[in-house]
K.L.:
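Have a look at the structure that comes next, please.
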There are 2 protein chains.
Amino acid sequence: MPDIGDVARLAGVSNATVSRALSGRGSVSPRTQERVREAARELGYAVSANASGLASGKTANVGVVVPFLSHWFYTAVIEGAQAELTAHGYDVTLYNLMGSGDERRGVFERSLARKRVDAVIAVSLELTDDELGLLRAVGKPVVGVGGPLPGSPSVAIDDVAVARLATSHLIALGHRTIAHLGGDPATERDFHVPSNRRQGYEAALNAAGIPVDPQLFHPTDFTIESGYASAKRMFADPDHVPTAIVAASDEMAIGALLAARDLGVRVPQDLSIVGIDGHGLAEFFGLTTVAQYPERQGKAAAEAVMRMMDGDASEPTLAPVEFDLVVRSSTARPARSER
Amino acid sequence: MPDIGDVARLAGVSNATVSRALSGRGSVSPRTQERVREAARELGYAVSANASGLASGKTANVGVVVPFLSHWFYTAVIEGAQAELTAHGYDVTLYNLMGSGDERRGVFERSLARKRVDAVIAVSLELTDDELGLLRAVGKPVVGVGGPLPGSPSVAIDDVAVARLATSHLIALGHRTIAHLGGDPATERDFHVPSNRRQGYEAALNAAGIPVDPQLFHPTDFTIESGYASAKRMFADPDHVPTAIVAASDEMAIGALLAARDLGVRVPQDLSIVGIDGHGLAEFFGLTTVAQYPERQGKAAAEAVMRMMDGDASEPTLAPVEFDLVVRSSTARPARSER
DNA sequence: ATGAAAGCGCTAACAT
DNA sequence: ATGTTAGCGCTTTCAT
């Protein structure tokens with residue numbers, strides 16, 4: 001592996017000039033610039049990240065922390081952030097909190113403190129005060145995605161508004177008996193997303209003067225399986241059969257869709273279903289949903305940390321994240337008019 | 001941020017001793033060891049990755065390269081690899097090849113050459129000779145996952161055997177008209193997985209003396225949508241309706257399952273379906289499948305690179321990767337006996 | 001078992 | 001525009 005001295009010698013200049021020519025910082029005559037580039041190419045030279053980082057205090061690397069990886073939302077956020085970061089010369093190192101508490105603490109204590117990264121993007125993390133402290137102690141820009149991050153700017157949709165929109169769509173269609181599949185408050189983590197969505201659902205109902213019926217709420221995990229089970233259970237109780245469902249996620253909604261199908265309940269004739277997310281599978285299932293765009297959120301977070309690293313000390317005010325109601329074939333007016 | 005000197009001063013020893021005490025290399029008396037640890041804790045000291053890396057030539061970081069992120073298999077592999085790596089003190093930096101060719105080349109030229117990583121794990125990559133050259137030029141341990149990687153050891157299932165197993169299961173049940181949903185050879189990348197699986201399908205047929213009917217092969221993308229479309233098309237041709245389908249992936253199989261449902265074709269009474277993968281959704285859909293275990297593969301790859309980094313210069317012979325036939329409710333004997 | 005000291009390969013003043 | 005030089009914060013011989 002050639003070092004900067006080899007390049008300097010071949011180009012007939014000093015180390016400093018090579019450094020300047022290759023980094024673009026400082027002034028170098030076009031001619032020398034070209035000669036240095038050429039020499040570097042010829043030698044297959046690449047700067048040592050460690051040496052450069054040690055000398056400059058910058059690593060050109062940002063840490064992305066996720067609670068776990070195997071979920072559509074997280075991978076999409078990472079993909080969006082990484083594309084943006086890579087395009088600007090940053091590498092991405094991934095920290096996965098999944099697993100034991102020990103490892104979890106280690107991520108904050110060891111890895112993030114090691115000056116491995118210039119900034120961190122924290123995705124959908126519900127952190128303890130302890131962890132927040134460690135995160136802040138790193139002294140680097142931090143931005144959240146997917147929910148608020150105390151003390152740091154963050155990119156996230158307004159979950160209340162999103163759920164309100166989904167519910168209003170149903171109300172506008174004429175539905176009045178609307179069930180909600182939402183996260184079980186008991187097992188809730190991750191930014192209170194579930195309870196915010198539930199709030200939005202109730203707000204829409206209230207605004208329309210429709211009483212909130214607790215019997216119409218069904219605690220459900222954010223999975224197809226759980227949505228399926230909830231929907232089946234719902235139809236087992238003939239006194240509380242809704243004409244429509246708003247699910248807190250598309251996966252739940254798809255589960256409900258499948259349950260309806262198995263039960264012979266026609267969607268949307270007998271039952272309307274709306275999800276939240278804009279999951280890749282929603283289109284296939286003809287699911288009406290409120291789409292959020294996780295890749296864009298990742299991209300926005302990446303832009304924010306880069307701005308902050310560029311010395312824009314002021315915590316950037318992040319533009320609100322858009323979401324759209326995407327109407328497909330799982331919602332329609334109720335068959336039996338509900339006055 | 002305290003540095004090693006601060007710790008040394010507080011503990012009343014030299015920098016060298018701090019380094020030894022904290023890294024575990026070299027000998028330090030238990031007493032000093034404890035004092036140093038204590039001092040480090042008190043100061044919130046963490047070694048600088050850059051300084052340590054520069055001095056030692058090791059980064060405690062491994063690169064994981066994937067073609068893209070948003071797919072079950074890749075995220076599972078990463079999760080498995082990362083858990084293992086993290087447990088041994090390594091960080092993981094993620095390189096995503098998705099996107100333009102320029103960025104793709106940049107990953108190899110810039111990032112991997114920068115001595116950012118001590119080793120690389122390449123997941124399901126079909127690399128050009130050029131890229132393979134660059135990868136090897138890094139001079140670090142490299143192991144593949146999900147398919148062969150010319151010149152490097154790799155962790156992968158035997159796709160031919162897997163498909164043979166899936167197909168044999170159907171044959172053993174009494175099926176003789178077995179369709180195959182497989183990757184379109186035209187658009188194939190990624191290790192020839194599709195054609196290997198097709199080969200396995202044909203091998204099983206041959207072994208049973210069943211002629212291979214090209215009409216029974218349906219080029220299909222590795223998605224639910226595409227599996228759905230293929231299955232629908234299949235039933236549009238009454239002359240070539242199979243009693244069973246072996247799909248090259250679980251997602252295809254689930255699509256076919258859904259298509260059958262929509263068509264009123266009962267599974268498994270009228271049609272048996274077997275997938276390949278062990279996808280998370282397979283259980284929900286009652287899909288019989290041949291499960292591979294991507295997390296385990298990721299873990300195995302991580303173990304292999306760690307062994308190689310520990311100076312085990314000999315390229316490790318990797319243990320073959322297991323797979324299992326998981327029989328659920330999508331396969332049964334054919335209704336009309338097919339002699 | 002511990003300390004002294006020489007780098008690791010680069011960047012960033014500071015000169016010129 | 002370019003060269004000189006002093007570190008960046010560690011690890012690692014080499015002594016002791």
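Keep in mind it's a predicted model, so treat the numbers as computed, not measured. Letters A, B, ... mirror the listed sequences (proteins, then strands); counts begin at 1.
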K.L.:
Quick check on the helix from dA1(C)-dT16(D) to dT16(C)-dA1(D): what's the angle between its two end axes, five base pairs per end, to the nearest 10°?
P.N.:
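Roughly 30°, once rounded to the nearest ten degrees.
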K.L.:
Salt-bridged, Arg104(A) to Glu131(A), with N to O below 4.0 Å?
P.N.:
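Yes, Arg104(A) and Glu131(A) are salt-bridged.
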K.L.:
Quick one: how far along DNA chain D does chain A reach, first to last nucleotide 5' to 3', anything under 4.0 Å to a heavy atom?
P.N.:
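Using the under 4.0 Å cut-off, the span is dA1(D) to dG9(D).
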K.L.:
Determine, step by step, whether Val120(A) and Val64(A) satisfy the side chain to side chain contact (heavy atoms under 4.5 Å, CB included) criterion, reporting the C-alpha distance in whole Å, the side-chain angles of both residues, the deciding distance to 0.1 Å, and the verdict.
P.N.:
CA-CA 6 Å; Val120(A) 359; Val64(A) 174; over 6 Å; no
K.L.:
Under 6.0 Å from the NZ atom of Lys299(B), do we count more than 12 heavy atoms belonging to anything else shown?
P.N.:
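No, because the 6.0 Å sphere around NZ of Lys299(B) holds 12 heavy atoms or fewer from other groups.
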K.L.:
Taking side-chain contact (heavy atoms from CB on, under 4.5 Å) as the definition, give me every residue that meets it alongside Arg136(B), ordered by chain and number, with sequence neighbours left out.
P.N.:
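side-chain contact (heavy atoms from CB on, under 4.5 Å) check on Arg136(B) returns Leu132(B).
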K.L.:
Between Asp118(B) and Tyr90(B), do the side chains contain a donor N or O and an acceptor N or O under 3.5 Å apart?
P.N.:
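No donor-acceptor contact under 3.5 Å links the two side chains.
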K.L.:
So that I can tick it off, tell me whether Arg35(A) and Glu38(A) are bridged by a salt bridge, with the cut-off set at under 4.0 angstrom between side-chain N and carboxylate O.
P.N.:
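Salt bridge flag = no for Arg35(A) with Glu38(A).
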K.L.:
Write down the distance between CD (Glu34(B)) and P (dA1(C)), rounded to a whole number of angstrom.
P.N.:
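About 17 Å, once rounded to whole Å.
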K.L.:
Report all interatomic pairs (protein N or O, nucleotide N or O of nucleotides 6-9 of chain C) with separations under 3.5 Å.
P.N.:
{"from": "dC8(C)", "atom 1": "O2", "to": "Ala55(B)", "atom 2": "N", "distance (Å)": "3.3"}
{"from": "dG9(C)", "atom 1": "N2", "to": "Ala51(A)", "atom 2": "O", "distance (Å)": "3.3"}

K.L.:
Please tabulate, one pair per line, each protein N/O and nucleotide N/O from nucleotides 2-4 of chain C that are separated by under 3.5 Å, including the distance.
P.N.:
{"from": "dT2(C)", "atom 1": "OP1", "to": "Ser29(B)", "atom 2": "OG", "distance (Å)": "3.4"}
{"from": "dT2(C)", "atom 1": "OP1", "to": "Thr32(B)", "atom 2": "OG1", "distance (Å)": "2.5"}
{"from": "dT2(C)", "atom 1": "OP2", "to": "Ser29(B)", "atom 2": "N", "distance (Å)": "2.8"}
{"from": "dT2(C)", "atom 1": "OP2", "to": "Thr32(B)", "atom 2": "OG1", "distance (Å)": "2.9"}
{"from": "dG3(C)", "atom 1": "OP2", "to": "Ser14(B)", "atom 2": "N", "distance (Å)": "2.7"}
{"from": "dG3(C)", "atom 1": "OP2", "to": "Ser14(B)", "atom 2": "OG", "distance (Å)": "3.0"}
{"from": "dG3(C)", "atom 1": "OP2", "to": "Thr17(B)", "atom 2": "OG1", "distance (Å)": "2.8"}
{"from": "dG3(C)", "atom 1": "N7", "to": "Arg20(B)", "atom 2": "NH2", "distance (Å)": "2.7"}
{"from": "dG3(C)", "atom 1": "O6", "to": "Arg20(B)", "atom 2": "NH1", "distance (Å)": "3.2"}

K.L.:
With sequence neighbours left out, what residues match Gln33(A) under side-chain contact (heavy atoms from CB on, under 4.5 Å)?
P.N.:
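side-chain contact (heavy atoms from CB on, under 4.5 Å) check on Gln33(A) returns Ala21(A), Val28(A), Arg37(A).
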